[in-house]
Structures are given as C-alpha cells and as structure tokens.
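Some notes on the structure that comes next.
Fair warning: this is a prediction, and the values are worked out from it, not measured in the lab.
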Amino acid sequence: ALNDLGAPTKYDVQYLGPRVRNAASDALASIGRPAVPALIKALRHKDPATRAMAADTLAKLGPVANTSFAELSRTLNDPEPWVRDRAVDAIARVGAAPQVVVPLLEQKYRRADKDDYIRVSILESLANADPQATMVIPLLIEALDDSDGDVMAAAARTLGSYNNKARPAVNVLNEALGTTKVRWDSYADFGFTVPVRTDVVRALAAIGPPAKGAEPTLIRLMQQ
C-alpha cells in the first residue's frame with residue numbers, strides 16, 4: 001500500500017488529508033522492528049513513490065531500523081531526487097554513529113551539483129546525524145559562505161539547533177548578517193522568498209550569550 005495514492009476526498013489535493021500510502025507508512029512505523037525487512041526490500045521497488053515512502057517510514061522508526069543503513073546508503077544514489085532526499089533524512093535518524101554517517105553525508109554533499117537540493121537536505125539532517133555536534137560544525141561554517149541562499153539558510157538553521165554548541169560559528173554568522181541572499185519558502189500552495197539573514201539572526205539568538213559579539217552588527221541592522 002506504500003504506493004497507493006488513493007485520495008482522502010473526492011478532490012485530488014494532497015493537503016486536504018493523508019493518502020492511503022501515508023496511512024500504510026504510519027501502520028508500518030507502529031509495527032516497529034518487524035517491519036524493517038519489508039521496508040528495506042521496498043527501497044528497491046520499481047515505483048519511486050514506494051521507495052520514498054519506505055525511506056520516510058524508516059526515518060520514523062529511527063534507531064530500531066539501524067539494519068537498514070547499508071541499503072539507505074545505496075539509495076543516496078537513487079535516480080529520483082525526492083527519493084534521495086528521503087534517504088538522507090532516514091540515514092541521519094536510524095542511529096548510525098556520527099563517525100560513520102557524517103563522512104558519508106559530507107561526501108554526498110561535496111559531490112552533488114550546486115543546484116541539487118540534496119545539499120540543503122544534508123545540512124538540515126546533520127543535527128540528527130550528530131546530535132552532540134562532534135563533527136559537523138566545520139562543514140556548517142563552510143556552508144555559510146555558499147553561493148546558494150537556501151544552502152546558507154539551512155546551515156544557519158542547523159547551527160541554531162545546536163544552541164551554544166555552535167559558538168565556534170559566531171564570527172562567521174556575524175559576517176553572514178551582511179548577506180542579501182534569499183531562500184525559498186512556501187505556505188500551502190504559495191511560494192515566496194525570505195532573507196537568509198533571518199535564519200542567521202535566529203541562529204545567533206539560539207546560541208545565546210556566546211554570540212554577544214554580534215550585538216553591534218544586529219544593532220546596525222535595526223537602524224537601517
């Protein structure tokens with residue numbers, strides 16, 4: 001049922017409710033560890049929607065699905081970008097040690113095309129891959145200087161999720177307050193852009209007192 005697109009109403013609009021495949025995913029997640037072998041098999045299904053839902057369900061299961069790590073790693077090379085995106089999130093959540101998962105995701109990040117949205121997904125997943133920030137801060141700091149606003153914003157958001165563990169990034173975040181780049185955002189069916197420095201400000205606020213050195217820049221922004 002993971003590939004069943006049965007609509008929840010007579011109107012074929014996703015946001016009006018979950019599809020059958022979403023209910024199937026929730027059921028498999030509730031079953032827990034016994035569902036993992038079937039989900040690993042589903043990662044090789046001919047239908048990309050099924051592969052994506054399998055990865056999404058493994059992400060819901062978290063560490064009890066740790067035996068799926070090898071197959072999820074293979075799925076990082078799936079021909080469909082949205083399947084790769086789900087695989088990234090699952091890899092970060094199934095409980096592999098940071099020493100294993102972070103280098104894998106960083107390698108994928110560096111090899112991805114500049115316009116591949118998987119780079120954003122990888123940066124956003126790092127907080128789950130390395131909850132104690134033992135390995136990821138240098139990559140996130142580097143991403144703050146990327147030419148893509150979505151990548152910059154993802155790096156800032158993840159740094160903010162680490163709170164004061166991200167204090168080594170304060171100086172670079174302070175510099176990033178000067179950017180004029182924007183990132184994509186959406187609400188329901190409406191898309192719009194948001195200044196990247198909005199995410200940078202929030203990251204500095206989350207870091208707290210260790211970010212005190214950014215106060216002069218923040219004050220200048222308020223006075224503009």
Legend entry - Atom pair CG (L140) and CE (M135), whose distance is rounded to the nearest 0.5 Å: 12.0 Å
Legend entry - Smallest separation among heavy atoms of A42 and A54, with atom names: CB-CB, 3.7 Å
Inset, instruction - Examine V172 and Y162 and state if one hydrophobic cluster contains both, with Ile, Leu, Val, Met, Phe, Trp and Tyr joined whenever side-chain heavy atoms are less than 4.5 Å apart. - result: yes
Inset, instruction - Check the surroundings of atom CG in D185: do more than 12 heavy atoms from other residues, nucleotides or ligands lie under 6.0 Å from it? - result: yes
Inset, instruction - Evaluate the side-chain contact (heavy atoms from CB on, under 4.5 Å) criterion for residues E106 and L126: first the C-alpha distance (whole Å), next the side-chain angles of each, then the deciding distance (0.1 Å), finally the verdict. - result: CA-CA 9 Å; E106 181 173 354; L126 292 178; over 6 Å; no
Inset, instruction - Go through the steps for L104 and F69 under the test side-chain contact (heavy atoms from CB on, under 4.5 Å), then give the verdict. - result: CA-CA 11 Å; L104 174 67; F69 182 81; 3.8 Å; yes
Inset, instruction - Determine, for D150 against R119, whether the closest basic-nitrogen to carboxylate-oxygen distance falls under 4.0 angstrom. - result: no
Inset, instruction - State the CG-OG1 distance between L123 and T158, to the nearest 0.5 angstrom. - result: 6.0 Å
Inset, instruction - For residues A55 and A90, report the shortest heavy-atom separation together with the two atoms involved. - result: O-CB, 3.4 Å
Legend entry - Spacing of OG belonging to S73 relative to NZ belonging to K108, to within rounding of 0.5 Å: 11.0 Å
Inset, instruction - Following the transitive rule for hydrophobic clusters with a side-chain heavy-atom cut-off under 4.5 Å over Ile, Leu, Val, Met, Phe, Trp and Tyr, establish whether I141 and Y109 coincide in one cluster. - result: yes
Inset, instruction - Indicate yes or no for a side-chain donor-acceptor contact from R44 to the backbone of K41 under 3.5 Å, with no hydrogens or angles considered. - result: no
Legend entry - From T57 atom OG1 to N22 atom CG, the distance as rounded to the nearest 0.5 Å: 9.0 Å
Legend entry - Exercise: identify the closest heavy-atom pair between N66 and R33: OD1-NH1, 4.4 Å
Inset, instruction - Can you establish whether the number of heavy atoms outside R110 located under 6.0 Å from its atom CZ is more than 12? - result: yes
Legend entry - Joint cluster assignment, V194 & L221, ILVMFWY side-chain distance < 4.5 Å: no
Inset, instruction - Using the side-chain hydrogen bond (donor to acceptor under 3.5 Å, both in side chains) rule, take S25 and K60 through it: C-alpha gap first, then chi angles, then the decisive distance, then the call. - result: CA-CA 9 Å; S25 174; K60 294 176 186 176; 2.8 Å; yes
Legend entry - Hydrophobic cluster identity match, V100 and L139, side-chain contacts under 4.5 Å: yes
Legend entry - Polar side-chain atom of D89 near backbone of R86 as donor-acceptor pair, under 3.5 Å: no
Legend entry - Salt-bridge present (R84, D116; N to O < 4.0 Å): yes
Legend entry - Minimum side-chain heavy-atom gap L2-L39 below 4.5 Å: yes
Inset, instruction - Locate the shortest heavy-atom distance separating G149 from V196; write the atom from each residue and the value. - result: O-CG2, 3.4 Å
Inset, instruction - Taking K181 for its side chain and M152 for its backbone only, find out whether a donor-acceptor pair lies under 3.5 Å. - result: no
Legend entry - Heavy-atom closest contact (L105 atom, S125 atom, distance): CD1-OG, 3.6 Å
Legend entry - pair L76-V88: side-chain heavy atoms closer than 4.5 Å: yes
Inset, instruction - Output yes when a side-chain donor or acceptor of T198 lies under 3.5 Å from a complementary backbone atom of P195, and no otherwise. - result: yes
Inset, instruction - Considering non-hydrogen atoms only, spot the tightest contact between P98 and P103 and give its length. - result: O-CD, 3.4 Å
Legend entry - Atom pair CD1 (I122) and CD (Q107), whose distance is rounded to the nearest 0.5 Å: 10.0 Å
Legend entry - Hphob cluster co-occupancy, M53 + I118, side-chain heavy atoms under 4.5 angstrom: yes
Legend entry - pair L177-R220: side-chain heavy atoms closer than 4.5 Å: no
Legend entry - Side-chain heavy atoms of R157 within contact of R202, under 4.5 Å: no
Legend entry - Check: R183 side chain, T193 main-chain N or O, donor-acceptor pair, under 3.5 Å: no
Legend entry - P48 side chain reached by W82 side chain, heavy atoms, under 4.5 Å: yes
Inset, instruction - Any chance you could measure L28, atom CG, to L58, atom CG, to the nearest 0.5 Å? - result: 9.5 Å
Inset, instruction - Show the numbers, then the answer: is there a side-chain contact (heavy atoms from CB on, under 4.5 Å) between V201 and L218? - result: CA-CA 8 Å; V201 168; L218 291 167; 3.9 Å; yes
Inset, instruction - For residues V200 and N174, determine if any side-chain heavy atom of one lies less than 4.5 Å from a side-chain heavy atom of the other. - result: no
